[in-house]
Each structure stands twice: as structure tokens, then as C-alpha cells.
Amino acid sequence: MGILFALLTAFCWGLMSLLVRKGTFKIDPVAANLYSLPAGFVVVLLVGLFTGDLALVYSASPYQWLVFTAAGIVAFVLGRAVFYVSIARIGAGTTVSVSASSTLVTPLMAIVLFGEVVNFQLALGIILIFTGIFIITRRPS
Amino acid sequence: MRAYLPAFGAALMYGLSPIIVKLGLVGGFSPLAGILISIMPSIPLSYLVVRAMHIDFRLAFKDRTALAYVLLAGTVHMIGTLFQYMALRLENASVVQPITATNPLIALFLIFIFLREEKVTIHVVAGATMVVIGSILVVTR
């Protein structure tokens, strides 16, 4: 069942980029982000009401409010806005492919900041991601 | 290369966001409540960004179909995120993350089938495949 949910996640995120592309043909991508946020909020709100997680919002400490607000600014205000802008400019396929390199951020930070040892698998993964991005960005327009 | 900057920006933001979120998920705090807290301030902040950029967001109402796509994108994105949490409750991250990392390939497939306005080139498919394989290697390291 967990695998099914993981597959549904991948499908939803794939479908989302297609929908953004369709929407941003006519709507400014930054404005599109503004409209997409309340839509997502309603979904989480309804699920939160159903599961009881909504009540947990009140139990969050000021530190957690600060951290989650910062995460929201990074992911929803900035991240999603530039994601939409990118989809409108270079297309959904290229954008999702390039932005999938987000998986590199954590290991690169761990290597730079904490001196994480780079094993063979990690090195191969990094090389493949960079090579993939090189191929995508060097394609003839 | 400048055209790809928003996509790289999105990758950076999407990579940083889970790191920040982890800081808030102390003491078994609900991720769903965390998302709720993240979105709430993001909506007015995104509104301020739109206003600061002098974007007339009301123009979106001129094309209801495009607006519907954008609203649906926000909904589907959040549903995908909720599926991810459900998957992570049932399976290990080492199983879930490689599956969800395939979303660019699903996006390319959907774009190829349903989006006539965008061409899916062999370069993008090859590059995306390498990025996805690289991402799987990185997240399962």
C-alpha cells in the first residue's frame, strides 16, 4: 500500500507540472502561484480537520511557527513561484527534469558543511545528475 | 543558460525546504500541521510579491479555464504531498523516495500525451532519465 501511495505521489507531481503549463499560457506564473496556494491550503485544511491534525497547529511552539513559516517562504513563496516561472519560460518537461536535481542539495550541504564522506553510490548519483542537466541544457533549441 | 536559472532556483528551494522542515518536526510534531502553518503566511506573502511586481492578478479571471488549471495544479500538488506522507508512514523512505523521484518521467509521459504545445525531445528524455537515476542513487545512499 505504501508503494501505491508513493506511485500516486509521483503521478500527482507529474500531473501538476502539466496543469501549471496549461494554466500559465494565459496567467502570469507568479499570479498563478498565488492562486494555487489557497487551493492546496483547502486540501490540507480538510484533511487536517478529518485527521485532527488541525488542532495540533495550536500546540506548535513559537520556534516551530518560525521554522515552518521560513519553510513556507522557501517552498511556497519563492520555490513554487520560480518553478511556475520556469515552466512558463522553458516548458514543463525541462523544468521538472532540471528541478529534480533538488535531491543534490542535502548531500552537497552535508559534504561542504559537515565533511560527509562521498561513497561510490553518491558520487555516481551526483555525476549522473550533472550529466543529465548538461544534456538537457545543451539541447538545440 | 540564463533561461534555466528559475529551474535551478526551484531545485535549490525545493532542496532546502525539507531541511528547514526537519528542524520544526521536533518531538514527533505532525507534518500535516507543519504544512498548514507553512501555507498560512505564504498566501499573504505571495500576494505581497504579486503586488510588488505590479502583476494584475485579477486578469486571471478573464480566462476561467486557465484559472481552473492553476487551481487544480495547487490541489493536485498538495494531494501528492499528502500521498507522500501516507507512503512514508507505511514504507521506509528508502522505498518511497526512489519511487517519488520518478515524477519527472511521469511528467514527460503526460506532457507527450496531453500537451501538444510542448515537444518532448530525446535530449530531455535522456537527461531526465539520468537525473532520475542519479536522484535515486543519491536518496538511497
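Each chain gets a letter, A, B and so on, in the order the sequences are listed, and its residues count up from 1. Worth knowing before you read on, the calculation uses all heavy atoms, side chains too, and leaves out hydrogens, waters and symmetry mates. Here the structure is a predicted model, which is why all the values come from computation and not from measurement.
If you measure heavy-atom distances from B:Leu71 to chain A, the contacts under 4.5 Å come from both the backbone and the side chain. Interface residue B:Val21: backbone and side-chain heavy atoms are both found under 4.5 Å from chain A. Within the 4.5 angstrom heavy-atom criterion, only side-chain atoms of A:Thr51, from C-beta onward, approach chain B. Heavy atoms closer than 4.5 Å to chain A are found in the side chain of B:Ile19, but not in its backbone. When heavy atoms are compared at a cutoff of 4.5 Å, B:Thr140 approaches chain A by way of both its backbone and its side chain. Neither the backbone nor the side chain of B:Arg51 comes within less than 4.5 Å of any heavy atom of chain A. Only the side chain of B:Glu118 comes within contact range of chain A, judged by heavy atoms closer than 4.5 Å. At a 4.5 Å heavy-atom cutoff, the contact between B:Ile55 and chain A is made by side-chain atoms alone. For A:Ser101, the parts lying under 4.5 angstrom from a heavy atom of chain B are both the backbone and the side chain. Looking at B:Leu67, the atoms closer than 4.5 Å to chain A (heavy atoms on both sides) sit in the backbone and in the side chain alike.
In this structure, A:Tyr35 has its ring center closer than 6.0 angstrom to the ring center of B:Phe61.
Across A:Ile3 and B:Glu91, no two heavy atoms sit closer than the pair N-CG, 4.0 Å. The two residues A:Ile90 and B:Ala7 have their closest heavy-atom pair at CD1-CB, 4.2 Å. Across B:Val70 and A:Ser36, no two heavy atoms sit closer than the pair O-CB, 3.8 Å. Closest heavy-atom contact between A:Tyr63 and B:Leu23: OH-O, 3.0 Å. Listed here is the closest heavy atom pair of B:Ser17 and A:Val74: N-CG1, 4.1 Å.
Applying a 4.5 Å heavy-atom cutoff, the residues of residues 18-26 of chain A that approach chain B are A:Leu18, A:Leu19, A:Val20, A:Arg21, A:Lys22, A:Gly23, A:Phe25, A:Lys26.
Side-chain atoms of A:Trp13 and B:Thr81, non-hydrogen and from C-beta on, do get closer than 4.5 Å to each other. Taking the side chain as every heavy atom from C-beta outward, B:Tyr14 and A:Arg80 approach each other to under 4.5 Å. Considering only heavy atoms from C-beta on, B:Leu59 stays 4.5 Å or farther from A:Ile27 through its side chain. The closest side-chain heavy-atom distance from A:Phe76 to B:Ser38 is below 4.5 Å.
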Worked check of side chain to side chain contact (heavy atoms under 4.5 Å, CB included) between B:Phe83 and A:Leu4: CA-CA 9 Å; B:Phe83 277 139; A:Leu4 176 68; over 6 Å; no

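Distance alone, capped at 3.5 Å, is enough to place a donor-acceptor pair between the A:Thr9 side chain and the B:Gln84 backbone.
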